[in-house]
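Worksheet: one structure, shown below.
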Amino acid sequence: MRRLDKQITDSEILNKILNESHICRLGLVENGEAYIVPVNFAHADGIIYIHSALSGRKIDIIRSNNRVSFEMELDHALVTSDIPCGWTEKYRSIMGKGSIIIDNDINSKKHGLDLIMRKYGAKMELNYDEKILARMMILKLTIESYTGKQSGEWE
């Protein structure tokens with residue numbers, strides 16, 4: 001990281017970003033071209049869980065190249081100024097890389113969905129229709145490395 005003064009090293013803040021961000025952007029590569037897709041997700045034990053349909057461009061790319069990058073942010077706000085170039089953004093973010101596996105095991109699907117549903121606020125008992133489970137899969141992104149960055153004053 002070029003600006004070490006902006007690097008987040010506090011593990012509590014890094015975990016907060018991993019666990020409370022609402023959107024994770026996956027960076028995939030297809031035929032030498034970048035493809036970015038936003039996904040809902042949950043994080044546990046160094047794995048990012050993502051639910052997905054059984055087919056589509058994202059799945060086609062992962063099947064041919066399971067190396068990915070990812071990005072998520074939390075706690076951001078626009079900071080305005082009286083001068084045009086004085087505007088900035090206050091933020092905290094994580095960027096990282098890893099590999100994804102496609103998991104069609106029924107128990108893995110339920111576990112991943114449980115994590116995702118609880119993260120986004122589901123309070124009810126989580127019972128899944130077998131027909132719905134048959135039409136989806138869980139993607140498991142194993143995090144290999146990441147860095148946190150922040151801009152602005154934080155308490």
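Since the model is a prediction, treat every value here as computed from it, not as a measurement.
With respect to Arg67 and Glu144, a salt bridge is recorded, a charged nitrogen being found less than 4.0 Å from a carboxylate O.
In summary, of the residues considered (Arg118, His111, Met117, Lys119), a side chain to side chain contact (heavy atoms under 4.5 Å, CB included) with Leu115 occurs for His111 alone. No option in Leu26, Asn40, Ile138, Val37 other than Leu26 meets the side chain to side chain contact (heavy atoms under 4.5 Å, CB included) test with Ile50.
In plain terms, the two heavy atoms of Asp103 and Ser108 that are nearest each other are OD2-OG, 2.8 Å. Between Asp10 and Glu12, the shortest heavy-atom distance links the atoms OD1-N, 2.8 Å. Residue Gly148 comes nearest to Leu14 through the heavy atom pair CA-CD2, 3.7 Å, listed as atom of the first residue, atom of the second, then distance. A pairwise comparison of heavy atoms in Trp87 and Pro84 identifies CD1-O, 3.3 Å as the closest pair. Taking every heavy atom of both residues into account, Leu133 and Lys110 meet most closely at CD1-CE, 3.8 Å.
In Met136, the CE atom is crowded: over 12 heavy atoms of neighbouring residues, nucleotides or ligands sit closer than 6.0 Å.
The salt bridge (charged side-chain N to carboxylate O under 4.0 Å, His left out) check on Lys109 picks up nothing, with sequence neighbours excluded. In this view, Ala134 satisfies the side chain to side chain contact (heavy atoms under 4.5 Å, CB included) rule with no residue, not counting sequence neighbours.
Using bins of under 30°, 30° to 60° and over 60° for the plane-to-plane angle, the ring pair Tyr146/Phe70 lands in the tilted bin.
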Do any side-chain atoms of residues 17-24 form donor-acceptor pairs under 3.5 angstrom with protein atoms, and if so which ones, sequence neighbours left out?
| residue | atom | partner | partner atom | Å |
| --- | --- | --- | --- | --- |
| Asn19 | OD1 | His43 | ND1 | 3.0 |
| Asn19 | ND2 | Asn15 | O | 2.9 |
| Ser21 | OG | Ile17 | O | 2.6 |
| Ser21 | OG | Glu73 | O | 3.1 |

